[in-house]
2 protein chains.
Amino acid sequence: MAQAGEGRRNGRVTIREVADDAGVSVAAVSKVLRDAYGVSDALRAKVRASMDRLGYRPLASARGMRGQTYTLGLVLPDLRNPFFADIMTGVNNALERTQYQVMMGISASTAKLETGVVDSMIDRQMDGIILIGSTESRESLNTIAEKKPLVTIGHHDPSAEAFDTVNNNDQQGALLAVRHLVAAGYSKIAMLSLQGEPSSILAEREQGYRHGMVEAGLGGAINIASATQVMRDVQFAAKRLLQGPRRPDAIFCWTDFIALEVISVATELGLRVPEDVGIVGYDNTMFCDFAQNSLTSIDQSGELLGLQAARLVIERINGRTAVEHFVVPPRLVARRSTSR
Amino acid sequence: MAQAGEGRRNGRVTIREVADDAGVSVAAVSKVLRDAYGVSDALRAKVRASMDRLGYRPLASARGMRGQTYTLGLVLPDLRNPFFADIMTGVNNALERTQYQVMMGISASTAKLETGVVDSMIDRQMDGIILIGSTESRESLNTIAEKKPLVTIGHHDPSAEAFDTVNNNDQQGALLAVRHLVAAGYSKIAMLSLQGEPSSILAEREQGYRHGMVEAGLGGAINIASATQVMRDVQFAAKRLLQGPRRPDAIFCWTDFIALEVISVATELGLRVPEDVGIVGYDNTMFCDFAQNSLTSIDQSGELLGLQAARLVIERINGRTAVEHFVVPPRLVARRSTSR
DNA sequence: CTGAAAGCGCTTACAG
DNA sequence: CTGAAAGCGCTTACAG
């Protein structure tokens with residue numbers, strides 16, 4: 001329909017139409033668009049007026065062909081953990097006054113997307129990538145970082161050079177959990193970790209856990225079980241722990257969601273929380289507050305992590321090459337699940 | 001660096017390099033890429049081999065300039081409701097054997113993104129849009145549909161022409177909840193609905209609730225409260241209900257998450273669930289299964305909804321113009337929260 | 001069945 | 001400070 005000539009397509013206004021309307025060149029409009037230097041206030045005002053009048057919106061694909069798309073890719077391991085919502089809030093806050101828009105992808109969904117989601121974000125010319133809870137190797141991350149500015153959240157690699165990392169101090173978080181449990185009178189403290197891809201944050205937490213146990217003179221009671229994120233698996237692991245010969249009197253779980261399942265299993269087994277078994281989670285997600293859970297948890301300031309990650313990736317886009325590793329101290333939020 | 005000439009950019013292999021490697025034209029490679037008609041098996045095989053050898057990946061931006069980006073935009077209201085994870089699973093299943101990739105955005109985060117996330121997806125040349133839990137008006141949705149194939153999930157508009165809808169039968173879902181509660185011996189049944197933008201799914205559920213109450217001869221006990229999704233707000237509304245003069249003996253909540261908060265409030269008030277108050281949620285998310293919640297809920301088959309939505313949007317991309325409205329029947333999953 | 005050429009809407013040197 | 005022209009990597013008619 002509507003024979004070209006005026007460059008219409010899909011009803012979209014193009015940069016050429018804005019230029020014609022404002023009586024300036026296409027290049028001038030482009031400069032205004034990018035807040036580039038070398039445009040007079042008068043020209044800028046004229047162009048802005050035309051853009052508003054015509055309802056102009058630049059096409060990201062076209063921009064991406066030569067410059068940026070002003071899009072950041074955020075990769076989440078899954079959509080079930082409400083902790084990621086906190087991170088997302090921080091990311092959005094950081095982007096509020098910028099031209100950047102964030103698009104999310106899930107890494108652990110179908111086979112196709114396993115690592116493919118990052119590639120597909122690169123194919124889509126994302127200007128930068130934020131990877132949450134990655135279990136990729138250093139080399140693999142370096143390969144990504146070669147192509148696009150990269151920041152990881154929840155991946156410890158303090159000697160990485162090619163990409164920035166943003167973390168809470170997971171070792172300290174686990175330590176806080178153990179100390180808190182010890183102070184509350186628990187001694188047979190087990191840890192429930194994640195099975196599968198080796199994760200640096202879990203390695204850190206396991207180390208913090210061991211440290212805390214040894215520190216309290218409980219080195220002999222160290223007991224690390226693990227399960228995948230599949231519900232049935234977690235139930236099985238929890239039952240093994242709670243019905244086994246070395247039944248713990250407290251369990252430190254690697255994330256709130258798992259901790260809630262452990263509470264569920266304990267309840268079904270007729271064990272009382274916190275009297276028979278104390279439970280600690282990680283992330284301090286909103287579910288911890290519910291009276292039926294009242295779960296003690298480690299807060300790692302997800303919103304701050306997201307804010308920092310967005311800030312760092314934009315800095316990289318703007319040319320920073322020196323690496324930055326941001327670490328926030330965790331803090332324990334005590335609730336009834338450990339108040340023996 | 002690396003003076004052009006061979007067309008390298010950012011280490012990316014271009015379609016031209018593939019063409020040169022295979023000894024064919026760029027147009028031929030493009031056809032193979034799109035599985036377009038009119039290429040011999042021999043040529044296709046040659047090109048495929050070259051693509052593999054060089055590790056070629058088409059640049060979505062460039063494709064988008066003329067044709068498709070093979071990207072679908074999925075808009076979620078927020079990241080806190082685990083129900084969306086079910087929908088996402090279905091979407092990914094539908095996309096498994098296709099070239100399409102899905103990118104997600106959040107609609108209800110910051111001011112900037114309120115409705116802007118859809119526009120920004122259009123700017124990014126998404127081939128189609130799936131909108132979850134939209135509260136936009138018919139005209140507003142029509143405007144989107146004019147620009148891109150659109151499918152909504154959780155938005156009832158059976159006479160819409162320009163876009164497809166995918167839903168469970170919310171009216172029936174609410175009816176099931178009321179009937180179940182009545183059968184369990186509850187009679188002062190309240191509903192806790194969502195305050196804010198008028199939502200067609202909540203309108204449907206409220207109607208189903210009213211219908212169920214009247215049907216059971218409980219028309220006089222109809223009592224609809226509402227709260228935003230903010231935790232404090234929900235707590236306040238729940239307290240008002242449970243401490244008010246017309247204290248209900250059961251509450252039907254518009255989503256599981258809210259129901260869990262209501263259980264929390266009831267527990268804190270010293271009320272027993274299900275003895276003093278029965279609770280029903282909606283979505284049958286995995287949290288319902290936890291022993292400490294054991295929440296009766298309405299299952300709306302999120303995975304199926306996602307699968308259908310993805311299927312429909314791809315059909316639209318491929319040229320279908322006749323509208324489709326897909327509705328799945330809900331089913332109630334009874335648990336302890338209503339077993340008086 | 002195959003390919004040369006135009007063009008999508010921008011940005012980027014470069015010249016004025 | 002401003003603009004004309006080339007070009008990003010694809011797809012799309014069109015011609016052979």
Side-chain angles (χ1 to χ4, degrees), chain A residues 2-20 22-47 51 54 56-71 99 122-125 127 317, chain B residues 2-20 22-47 51 54 56-71 99 122-125 127 317:
Chain A
Q3 273 292 49
E6 61 184 308
R8 294 230 152 214
R9 178 202 161 143
N10 220 349
R12 267 198 106 85
V13 177
T14 69
I15 197 173
R16 181 169 305 279
E17 294 174 68
V18 175
D20 291 349
V24 301
S25 75
V26 163
V29 177
S30 174
K31 279 182 186 157
V32 173
L33 210 54
R34 289 172 288 121
D35 276 321
Y37 71 99
V39 266
S40 64
D41 291 349
L43 185 143
R44 190 193 317 279
K46 257 197 310 190
V47 170
M51 294 198 307
L54 301 176
Y56 172 67
R57 296 183 63 95
L59 194 68
S61 306
R63 305 186 81 173
M65 292 296 290
R66 298 293 290 172
Q68 303 185 223
T69 57
Y70 297 92
T71 311
Q99 288 195 55
I122 294 172
D123 297 342
R124 281 157 185 78
Q125 299 279 87
D127 298 330
I317 293 170
Chain B
Q3 274 292 49
E6 62 185 306
R8 294 231 153 213
R9 179 206 160 139
N10 220 349
R12 270 196 105 85
V13 177
T14 68
I15 196 172
R16 182 170 305 278
E17 294 174 69
V18 175
D20 290 350
V24 300
S25 74
V26 164
V29 178
S30 173
K31 279 182 186 159
V32 173
L33 210 55
R34 288 172 290 122
D35 275 322
Y37 70 99
V39 267
S40 65
D41 290 349
L43 186 143
R44 188 191 320 278
K46 256 197 309 189
V47 170
M51 295 198 307
L54 301 176
Y56 171 68
R57 296 184 63 94
L59 194 67
S61 305
R63 305 185 82 173
M65 293 294 291
R66 298 293 289 170
Q68 303 184 222
T69 57
Y70 297 92
T71 311
Q99 290 194 53
I122 295 172
D123 296 342
R124 281 156 185 78
Q125 298 281 83
D127 298 330
I317 292 170

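Here the structure is a predicted model, which is why all the values come from computation and not from measurement. Chain letters run A, B, ... following the sequence lines, proteins first, then strands; residues in each count from 1.
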remark   = Separation of C:dC10 atom C1' from B:Arg63 atom CZ, nearest Å, is 20 Å
inquiry  = I need the minimum non-hydrogen distance between A:Tyr56 and A:Ile15, along with the two atoms involved.
reply    = CE1-N, 3.6 Å
ask   = Base, sugar-phosphate, or nothing for B:Tyr56, non-hydrogen atoms under 4.0 angstrom?
value = sugar-phosphate
Distance in Å, A:Thr69 OG1 paired with A:Arg63 CZ, rounded so as to fall on 0.5 Å steps = 9.0 Å
query = Closest to the B:Leu59 side chain: D:dC10, C:dT12, D:dG3?
reply = D:dC10
ask   = If you check the B:Ser30 side chain, which of C:dT2, C:dG3, D:dT11 turns out closest?
value = D:dT11
message = So which atom in A:Gln125 and which in A:Met65 form the shortest heavy-atom distance, rounded to 0.1 Å?
response = NE2-N, 4.4 Å
request  = Quick one: label B:Ala27 by what it contacts on the DNA or RNA (base, sugar-phosphate, nothing), any heavy atom closer than 4.0 Å.
outcome  = base
task = Nearest whole angstrom, please: distance from the C1' of D:dC8 to the CZ of B:Arg12.
result = 12 Å
query = Which one, C:dG3, D:dG3, D:dT11, comes nearest to the side chain of B:Leu43?
reply = C:dG3
ask   = Separation of B:Arg16 atom CZ from D:dT11 atom C1', in whole Å?
value = 13 Å
query = Where the side chain of A:Leu33 is concerned, which of C:dT11, C:dT2, D:dT2 is the nearest nucleotide?
reply = C:dT11
inquiry  = In this structure, how many angstroms lie between the P atom of C:dC10 and the NZ atom of A:Lys31, rounded?
reply    = 17 Å
query = If you check every side-chain atom of A:Ser25, which of D:dG3, D:dC10, C:dC1 has the closest atom?
reply = D:dG3
key: Contact nearer the 5' end of DNA chain C, comparing B:Ala62 with B:Asp41   = B:Asp41
query = Which nucleotide in the list C:dG9, C:dT12, C:dG3 gets nearest to the side chain of A:Thr14?
reply = C:dG9
key: Sidechain-backbone polar pair: A:Asp127 side chain, A:Tyr70 backbone, donor-acceptor under 3.5 Å   = yes
request  = Measure from the side-chain heavy atoms of B:Met65 and tell me the nearest of C:dC8, D:dC8, C:dT2.
outcome  = C:dC8
message = Side-chain N or O of A:Arg44 versus OP1/OP2 of D:dC1: is the shortest distance under 4.0 Å?
response = no
ask   = Across the strands shown, which category fits B:Val26 at heavy-atom distances under 4.0 angstrom: base, sugar-phosphate, nothing?
value = base
message = Using the side-chain heavy atoms of A:Arg66, tell me which of these nucleotides is nearest: D:dT12, C:dG9, D:dG9.
response = C:dG9
inquiry  = Ignoring hydrogens, what is the shortest heavy-atom contact between A:Glu17 and A:Arg12? Give both atom names and the distance.
reply    = OE2-O, 3.6 Å
